[in-house]
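Data block below; observations after.
Sequence lines set the chain letters: A, B, ... in the order given, protein chains first and strands last, and positions in each chain run from 1.
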Amino acid sequence: MSIQITFPDGNVKSFDAPVTGLAIAQGISPGLAKKAAVIKVNGELWDLTRPIDRDASIAIVTRDKPEALEVIRHDAAHVLAQAVQELFPGTQITFGPATEVGFYYDFAREMPFTDADLETIEAKMREIVKRDLPITREVWDHDAAVRHFEAAGETYKAEWIREGIKVDEELTIYKQGPDWLDMCLGPHLPSTGKLGSAFKLIRVGGVYWRGDANNAQLQRIYGVAFATDDELKAYLKQVEEAEKRDHRKLAKQLDLFHQQEEAPGMVFWHPKGWAIWQAVEQYVRGVYRKSGYQEVRGPQIMDVSLWKKSGHWDNYQDNMFFTESEKRTYAVKPMNCPGHVQIYNAGLHSYRDLPIRYAEFGGCHRNEPSGALHGIMRVRAFTQDDGHIFCTAAQVEAEVTAFHRQAMQVYADFGFTDLSIKIALRPEKRLGTDDVWDRAEEALRAALRSAGVEWTELPGEGAFYGPKIEYHLKDSIGRAWQVGTMQVDFMMPERLGAEYVDEASQRQHPVMLHRAIVGSMERFIGILIEHHAGALPFWLSPVQAVVAPIVSDADGYATEVCELLKDAGLRADTDLRNEKINYKIREHAMHKIPVIIVVGRKEAEEKTVTLRYRGVEVQETVALADVVARLKALG
RNA sequence: GCCGGGAUAGCUCAGUCGGUAGAGCGACUGAUUCGUAAUCAGUAGGUCGCAGGUUCGAUUCCUGUUCCCGGCACCA
């Protein structure tokens, strides 16, 4: 029997018997064999040691390729698992995949791992790498695998094979050395030695078996892994830098806001933080006006009867705060929509009036689980740039399209271009007919399509009343947060009795679109802080300029300059402290003030100012008469 | 909410194998008026998160609790 192997360059070589990727690589050059991680066989990644027994086109994948990196990380997970089982007998293995930057493995063990264990485990991993155990692939019978894992006390693994793997599916076992094995799809490196040294365990954490909070809790160990030590080093450096951008840290340094025990999940905005808020709010208010919204304001608490009608009592009660007075129970609003419907319902509407667009900087309280709270990104009291559009079914697509364009412009104005867009589709538990859902989902797709953007779809993650578009931004350490959203709602208007009179004098329920661009003011400002590392653009900076005199003789002039800026609507301060100019510059530079205006005797005499821009070494001296225009040009 | 870790001066942190705490920065006072990233000297400042327990004695050990951090679950 002879097989034909086709190489990436089109060359064909024939072999008399099944041949492994490693042998092919060695045939080309020992150097290639050394660098090889896996082999691509007819487009599929295979182990280098797996015999190729039929004609195939192949490509050796060296360890510097992205596809190899995933294998390296996956291998690291398995070496981690072996290390843990060698160190802590009786610990059960479950799953251990590669992740975006590394890997993790979930273990079942009575005693949770501690940070101190990580060091020990990592050392054991390095030892296993040094042993250079061969990694071999075997195909096992389904029953045999179940029997093996049950006999070994590996109940999670056995359960997964029984329930998660079909009997006729190919079941592969990977052995590391003679004694240790795990069930795995592969592929893997030829031996543990190939893993190299560019990995590091970073944290432990509890997780639920199969991601279900009703199940047992497992212990997850996270690690990072790269092809080379330099890449690992660069990654760790990057993480260190990212941590400096943490909005919680910067808020303290820049005196923006604080949070305290008596108000968990809520924010005390300090003057500088609130100045940012005001800048964002004024900007968004302008967007409301330009895009046809009327700003309204609903009450903060309303009788529970209203929330029973809206469906929140049944579906959202756990997340709501309640309060009582004179034998009536009120709910603190977790959303603004029911309030807006009351405003809509206060008058009679004709189809000619639609679409009607209401907007509100709506303060909401949601009783979020304590473990979900995170700085100002996830809070219990927040303000949405909320809006509700009441329109006909025919108007939905145009409204969604217009919203999307506007939203993208807003993100760009704040400096964000890297957004991910998702459409959350019908969930299993839902209201309305399939036909209505088809139309609603298609309307969202059509709107995004016409805007020429890419999106991913999340089946089953829509709201019970309708599908939604979600706009996500990432924080400094890569966690994605939803900011904007556009939701199509066919249910709420009916439940709360919203109507309009159509062309035939018939009363109809309008469609309601729930939409937000920045989402939560708190979260958005948090992301802004991290995205700009605290150095906010001029128009958002809480203090845009500080006027710093060099000698006290110039104090009067400095005050005059500052007043001029304030009169022009700029946020400016003076620094008249008895300190050297070096000291003042250092301090304001660290506070990330966009412009430091230095005035000495010379400036006072000549009626000029010397401008020092954030992050720029050179200064420029301009006439006092020009300074406002110069600053305003900064945006 | 679940698992783990943490909480010491305004901030960043050190420390006490149980004998009630210390640095730097900041603040305050005084001197200094010095042209582009820290002038010098002095002073004040702490229920060691909160509540119990063990102990002659607890900031330290134990239990509970609150909040924070990481992970998971949750996130209309």
Touch check for [X], heavy atoms < 4.0 angstrom, all strands: base, sugar-phosphate only, or nothing?
X: A/Asp115; answer: nothing
X: A/Thr114; answer: nothing
X: A/Glu603; answer: base
X: A/Lys602; answer: base

Q: Spell out protein contact along nucleotides 67-74 of chain B as letters: B when the base is contacted, S when just the sugar-phosphate is, - when no protein heavy atom is under 4.0 Å; keep the 5' to 3' order.
A: SSSBBBBB

Rounding to the closest angstrom, what is the interatomic distance between [N] and [M] at atom [atom1]?
N: B/A58; M: B/A14; atom1: P; answer: 25 Å
N: B/U59; M: B/C48; atom1: C1'; answer: 4 Å
N: B/C13; M: B/A51; atom1: C1'; answer: 27 Å
N: B/A27; M: B/A73; atom1: P; answer: 45 Å
N: B/A44; M: B/C28; atom1: C1'; answer: 7 Å
N: B/G4; M: B/C50; atom1: P; answer: 24 Å
N: B/U29; M: B/G45; atom1: C1'; answer: 14 Å
N: B/G52; M: B/A31; atom1: P; answer: 49 Å

In whole angstrom, what separates [X]'s [atom1] from [N]'s [atom2]?
X: A/Ile202; N: B/G5; atom1: CD1; atom2: P; result: 18 Å
X: A/Asp255; N: B/C25; atom1: CG; atom2: P; result: 21 Å
X: A/Leu118; N: B/G5; atom1: CG; atom2: P; result: 12 Å
X: A/Glu587; N: B/U39; atom1: CD; atom2: P; result: 11 Å
X: A/Glu579; N: B/A31; atom1: CD; atom2: P; result: 14 Å
X: A/His270; N: B/C11; atom1: NE2; atom2: P; result: 11 Å
X: A/Asp555; N: B/C34; atom1: CG; atom2: C1'; result: 14 Å
X: A/Gln253; N: B/G26; atom1: CD; atom2: C1'; result: 14 Å

Q: Please determine, for the side chain of A/Lys580, which listed nucleotide (B/C34, B/U36, B/G4) has the closest atom?
A: B/C34

Q: Give the nucleotide from the list B/A37, B/U36, B/U12 with an atom nearest to the side chain of A/Met590.
A: B/A37

Q) Taking the six-membered ring for Trp, is the centroid-to-centroid distance between A/Trp481 and A/His374 below 6.0 Å? A) yes

Q) Do A/His404 and A/Tyr471 have their ring centres less than 6.0 Å from each other? A) yes

Geometric cation-pi criterion, [X] with [Y]: 6.0 Å, 45°:
X: A/Lys607; Y: A/Tyr557; answer: no
X: A/Lys308; Y: A/Trp313; answer: yes
X: A/Arg220; Y: A/Tyr104; answer: yes

I'd like to know if [X] pairs up with [Y] as an ion pair, taking the criterion as any Lys NZ or Arg NE/NH1/NH2 lying under 4.0 Å from an Asp or Glu carboxylate oxygen.
X: A/Glu457; Y: A/Arg445; value: yes
X: A/Lys249; Y: A/Glu243; value: no
X: A/Asp212; Y: A/Arg210; value: no

Q. Dot-bracket for RNA chain B, 5' to 3', with Watson-Crick and G-U pairs under 3.5 Å, [ ] for crossing pairs and | for other-strand pairs: what is it?
A. (((((((..((((.....[..)))).(((((.......))))).....(((((..]....))))))))))))....

(Q) Please compare A/Gln482 and A/Val598 by the position of their nearest nucleotide in RNA chain B and report the one closer to 5'. (A)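 Whichever sits nearer the 5' end wins; that is A/Val598.
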
Q: Would you mind telling me which residue lines up with the more 5' stretch of RNA chain B, A/Gln619 or A/Ser552, judged by nearest nucleotide?
A: A/Ser552

Q) With A/Asp117, which residues qualify under side-chain contact (heavy atoms from CB on, under 4.5 Å), at least two apart? A) A/Phe88, A/Arg109, A/Phe113, A/Thr114, A/Ile121

Q. So, do A/Ile525 and A/Trp269 sit near enough that their side-chain heavy atoms are less than 4.5 Å apart?
A.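 Yes, close enough: below the 4.5 Å cut-off.
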
Q: Could you tell me whether the phosphate oxygens of B/C11, OP1 or OP2, come under 4.0 Å of any side-chain nitrogen or oxygen in A/Lys249?
A: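 For A/Lys249, the contact criterion (side-chain N or O under 4.0 Å from OP1 or OP2 of B/C11) is not met.
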
Q. Quick check: are there more than 12 heavy atoms from other residues, nucleotides or ligands sitting under 6.0 Å from CD of A/Glu119?
A.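 At most 12 heavy atoms, drawn from other residues, nucleotides or ligands, come within 6.0 Å of this atom.
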
